[in-house]
Protein chains: 2
Amino acid sequence: MSRAGIHAVALEAGVSASTVSRVFNCPQNVAADTRGRVEAAARRLQYRPLGAGRMLRRQRSEVLGVVLPTLHNPVFAECLEGIAAAAADAGYAIQLATTEYRPDREQAAVAALLPRVDGLVLVVSDPARAQALRAIRAAGLPYVLAYNRHPRHPCVSVDNEGAVAELVRELHRRGHRRIAMLCGDLRASDRSRARHRGFLRGMAACGLPPGPLVEVAFDDPSTGGLAAVLDGAVRPTALLCSNDLLALRALRAAHRRGLRVPQDLSVTGFDGIALGAELVPSLATIAQPNHDIGAACVALLAPAAQAAAPLAAAASRLLPHRFRPGESLGAPSADLPT
Amino acid sequence: MSRAGIHAVALEAGVSASTVSRVFNCPQNVAADTRGRVEAAARRLQYRPLGAGRMLRRQRSEVLGVVLPTLHNPVFAECLEGIAAAAADAGYAIQLATTEYRPDREQAAVAALLPRVDGLVLVVSDPARAQALRAIRAAGLPYVLAYNRHPRHPCVSVDNEGAVAELVRELHRRGHRRIAMLCGDLRASDRSRARHRGFLRGMAACGLPPGPLVEVAFDDPSTGGLAAVLDGAVRPTALLCSNDLLALRALRAAHRRGLRVPQDLSVTGFDGIALGAELVPSLATIAQPNHDIGAACVALLAPAAQAAAPLAAAASRLLPHRFRPGESLGAPSADLPT
DNA sequence: CTGTTAGCGCATTCAC
DNA sequence: GTGAATGCGCTAACAG
């Protein structure tokens with residue numbers, strides 16, 4: 001029942017298949033009345049063109065692949081919104097795969113996408129290691145990384161390290177001296193590592209000894225290490241979290257211990273997820289332009305996909321971040337030991 | 001430089017194209033040494049099969065289309081995770097489009113997806129009206145709706161109306177008598193309407209006069225109507241929100257007015273977004289199995305797509321919701337007027 | 001186990 | 001402005 005091909009429509013309309021094709025692809029090259037007949041016939045037969053034919057003939061799919069770690073983190077959901085909107089505007093459909101931060105799933109996703117897409121946007125755990133990227137390059141397919149940063153790959157990101165270093169200075173300016181960092185899995189994310197470097201750099205620049213580092217795996221719902229720091233004899237006055245989701249957990253953990261935020265403990269995040277601004281207390285954070293990061297990826301990728309020409313690493317873009325103040329950040333209480 | 005076709009590989013390996021094809025599709029039907037030669041040749045030529053050829057020959061794309069209102073709401077992001085995981089397991093890729101709750105974009109998305117997919121999962125504003133659904137049926141393509149509910153369409157959802165009615169009874173049991181509802185745009189969402197019906201039914205069942213209804217457009221960041229209710233002479237003791245995002249806004253609005261939650265005002269949500277449990281106060285809500293809703297859609301759709309046979313409305317599934325208690329819900333203070 | 005043959009539906013020449 | 005002819009890359013049916 002399903003298939004009424006272009007030829008059937010041609011027959012029904014009393015024209016040739018070429019004309020039917022023209023009606024759908026360049027209507028201005030077809031006489032108005034012929035066009036009318038063809039459109040009527042197509043409607044009558046419920047003609048639905050089969051994309052595969054066009055793809056095969058044109059040697060391109062008009063699809064961009066998108067590979068993300070997870071949608072559980074709103075950062076990537078927001079970025080995906082940006083990708084989807086920009087892709088739609090550029091006439092591309094998007095095909096999505098998620099990896100849960102697992103390199104083997106990155107590879108599987110890329111393998112599945114390679115035959116069907118004209119280009120790829122991806123967020124990988126570690127661009128230096130990712131096998132998936134080697135496969136893409138071998139295939140000669142245009143691609144761009146989002147959030148990642150690496151000198152040999154085209155990337156759209158922010159200055160993670162610099163942003164955290166600035167943030168440390170901001171905390172210092174507000175009087176904080178004991179600053180701890182809560183980090184995602186350092187092995188699994190180049191962002192975490194860059195942000196941690198920024199932390200160390202910022203602390204050094206302020207002449208402070210680096211505070212304790214608490215590392216939390218992505219899938220670990222507990223906050224074990226965090227407990228140790230918050231319950232320690234000399235509690236930090238500020239907790240710098242490497243992403244907003246961790247910061248939310250930290251807020252909750254502080255609340256459980258009866259610590260008031262920000263009076264007893266300041267908490268900052270990184271990412272700028274929309275929900276952060278809606279919380280009580282609202283989350284102070286380094287806001288990335290997540291939507292724009294996605295859109296910028298597509299802006300780079302679409303022309304490259306059109307030309308079937310891979311992007312150079314030099315095409316990388318560094319987008320501006322901005323510090324978004326929030327109620328979770330204050331000055332340390334005067335009555336706390338300095 | 002890009003294309004090394006199956007024939008080139010065949011030539012290089014000294015076999016026929018069919019054999020190359022077999023190596024990739026049913027390796028067990030090829031002698032080990034032949035297979036080795038072919039794989040080597042493929043690697044040497046960096047052979048990447050072009051999906052379009054296979055799709056054309058097989059008359060199917062192995063792609064499922066997904067049409068969602070937005071990813072800004074974590075409900076849909078969580079559901080999409082479920083869809084993506086289940087689709088990957090079933091051997092399908094997914095192609096995504098977002099509509100921002102706009103029927104015209106639903107239509108555009110469906111039109112773009114129709115030629116390229118074997119089936120569709122979608123969340124529409126109003127299944128009774130959606131033109132997009134007519135187009136899909138006309139094309140004879142299998143599809144399933146998520147979250148929507150309609151007697152003439154295959155749907156995967158929860159009992160929105162019943163869930164809210166139960167929740168009202170729960171509030172009543174805890175002593176609440178003045179209960180207001182905060183609702184999303186009733187015209188734009190059948191979920192909102194169902195939940196509102198549940199509210200009315202629940203109130204009636206408890207012998208309570210229906211409290212005030214505050215309607216908020218999806219894209220309206222203000223909470224104007226809400227302000228009027230919270231600042232009114234006779235404030236409600238509980239605010240039942242038709243989704244979690246609205247509930248978050250309500251929490252913030254209450255906090256701005258110096259109302260304590262739950263002592264001065266209880267707030268409940270609907271959806272069960274993961275973040276709700278991480279907040280302070282944690283959000284009491286009706287939790288939907290968002291991930292499972294997505295997975296169930298794929299479980300229904302995949303076989304239908306395989307068979308190219310549309311699903312019957314009778315295939316619809318109602319998944320269990322559950323009340324998730326949270327700190328945002330308490331008993332009304334004794335010192336408040338009853 | 002492997003090769004031969006044929007054709008999926010469409011867009012593109014090139015004539016006219 | 002339109003039609004006829006061609007082939008994109010791949011897989012399925014059949015023969016051997």
Side-chain angles (χ1 to χ4, degrees), chain A residues 1-39 41-42 45-63 91 114-118 139-141 308, chain B residues 1-39 41-42 45-63 91 114-118 139-141 308:
Chain A
M1 49 115 276
S2 58
R3 61 210 56 96
I6 200 172
H7 210 80
V9 176
L11 215 66
E12 172 83 8
V15 298
S16 78
S18 335
T19 300
V20 178
S21 173
R22 277 188 277 257
V23 166
F24 286 93
N25 293 300
C26 43
Q28 71 283 12
N29 290 355
V30 178
D33 60 335
T34 313
R35 186 166 57 223
R37 278 211 318 288
V38 170
E39 281 161 349
L45 300 187
Q46 298 180 339
Y47 170 62
R48 150 173 77 111
L50 192 61
R54 155 188 292 240
M55 291 182 211
L56 186 53
R57 189 58 173 89
R58 292 230 176 129
Q59 300 282 80
R60 51 171 58 238
S61 60
E62 317 264 66
V63 178
L114 271 184
R116 355 181 64 146
V117 303
D118 294 342
L141 199 73
Chain B
M1 50 117 286
S2 56
R3 62 211 55 97
I6 200 173
H7 210 83
V9 177
L11 216 66
E12 172 85 6
V15 299
S16 79
S18 333
T19 299
V20 177
S21 174
R22 278 189 277 258
V23 166
F24 287 93
N25 293 300
C26 42
Q28 72 282 13
N29 291 355
V30 177
D33 60 335
T34 313
R35 186 165 58 225
R37 279 212 317 288
V38 170
E39 281 162 348
L45 300 185
Q46 297 182 341
Y47 169 62
R48 151 172 75 112
L50 192 59
R54 155 190 292 237
M55 291 181 212
L56 187 53
R57 188 56 172 90
R58 291 226 176 136
Q59 302 281 83
R60 49 162 73 229
S61 61
E62 317 266 67
V63 178
L114 271 184
R116 351 180 69 142
V117 303
D118 294 342
L141 199 73

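Chain naming here is simple, since letters A, B, ... match the order of the sequence lines and numbering starts at 1 in each.
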- Task: Pick base, sugar-phosphate or nothing for Ala52(B), based on heavy-atom distances below 4.0 Å to the nucleic acid.
- Result: nothing
- Quick one: is dT12(C) close enough that its OP1 or OP2 comes under 4.0 Å of any side-chain N or O from Arg57(A)? no
- Message: Ignoring hydrogens, what is the shortest heavy-atom contact between Val9(A) and Ala41(A)? Give both atom names and the distance.
- Response: O-CB, 4.0 Å
- Note on the structure: Between CG of Asn25(B) and C1' of dA12(D) the distance, given in whole Å, is 11 Å
- Item | Gap between atoms CG and C1', on Leu56(B) and dT11(D) respectively (whole Å) | 10 Å
- Message: Any base atoms under 4.0 Å from Phe24(A), or only sugar-phosphate, or nothing? Heavy atoms, all strands.
- Response: nothing
- Task: Of all the heavy-atom pairs spanning Leu114(A) and Arg48(B), show the shortest one and how long it is.
- Result: O-NH1, 3.2 Å
- Note on the structure: Arg54(A) atom CZ is separated from dC8(D) atom C1', nearest whole Å, by 14 Å
- Thr19(A), nearest nucleotide to its side chain (from dG9(D), dT11(D), dT2(D)): dT2(D)
- Item | Residue pair Leu56(B) / Ala52(A): nearest heavy atoms and the distance that separates them | N-CB, 3.6 Å
- Item | Protein-nucleotide distance (Arg116(B), atom CZ; dG9(C), atom C1'), rounded to Å | 15 Å
- Query: Which whole-number value in Å describes the distance from Met55(B) CE to dT11(D) C1'?
  - Reply: 14 Å
- Query: Between dG9(C), dA11(C), dG3(D), which nucleotide has the shortest distance from any of its atoms to the side chain of Leu50(A)?
  - Reply: dG9(C)
- Query: Just how far, in rounded Å, is P of dG9(C) from CG of Leu11(A)?
  - Reply: 14 Å
- Item | Pro49(B) versus Pro115(A), closest heavy-atom pair with distance | O-CB, 3.1 Å
- Can you find an N or O donor on one side and an acceptor on the other, under 3.5 Å apart, linking the side chain of Ser18(A) with the base of dA4(D)? yes
- Considering only heavy atoms and no angle criterion, is a donor-acceptor pair shorter than 3.5 Å present between the side chain of Arg22(B) and the base of dG3(C)? yes
- Message: Please confirm whether the shortest side-chain N or O distance from Asn29(B) to OP1 or OP2 of dC1(C) is below 4.0 Å.
- Response: no
- Considering only dG1(D), dG9(C), dT2(C), which nucleotide approaches the side chain of Thr34(A) most closely? dG1(D)
- Message: Let me spell it out: for each of Ile6(A) and Val30(B), pick the nucleotide of DNA chain C with the closest heavy atom. Which residue's pick is nearer the 5' end?
- Response: Val30(B)
- Message: Can you identify which nucleotide, out of dT4(C), dG9(D), dC10(D), has its nearest atom closest to the Pro49(B) side chain?
- Response: dC10(D)
- dC8(D) OP1/OP2 closer than 4.0 Å to side-chain N/O of Arg58(A): no
- Item | Interatomic distance, His7(A) NE2 vs dC10(C) P [rounded to whole Å] | 11 Å
- Picking from dG3(D), dG9(C), dT11(D), the nucleotide nearest the side-chain atoms of Val15(A) would be dG3(D)
- Item | Arg22(A) vs Val38(A) side-chain heavy atoms within contact, under 4.5 Å | no
- Which whole-number value in Å describes the distance from Arg60(A) CZ to dA11(C) P? 13 Å
- Are OP1 or OP2 of dC10(C) and a side-chain N or O of Ser21(A) less than 4.0 angstrom apart? no
- Note on the structure: Heavy-atom closest pair (Ala4(B) atom, Leu45(B) atom, distance to 0.1 Å) is CB-O, 3.6 Å
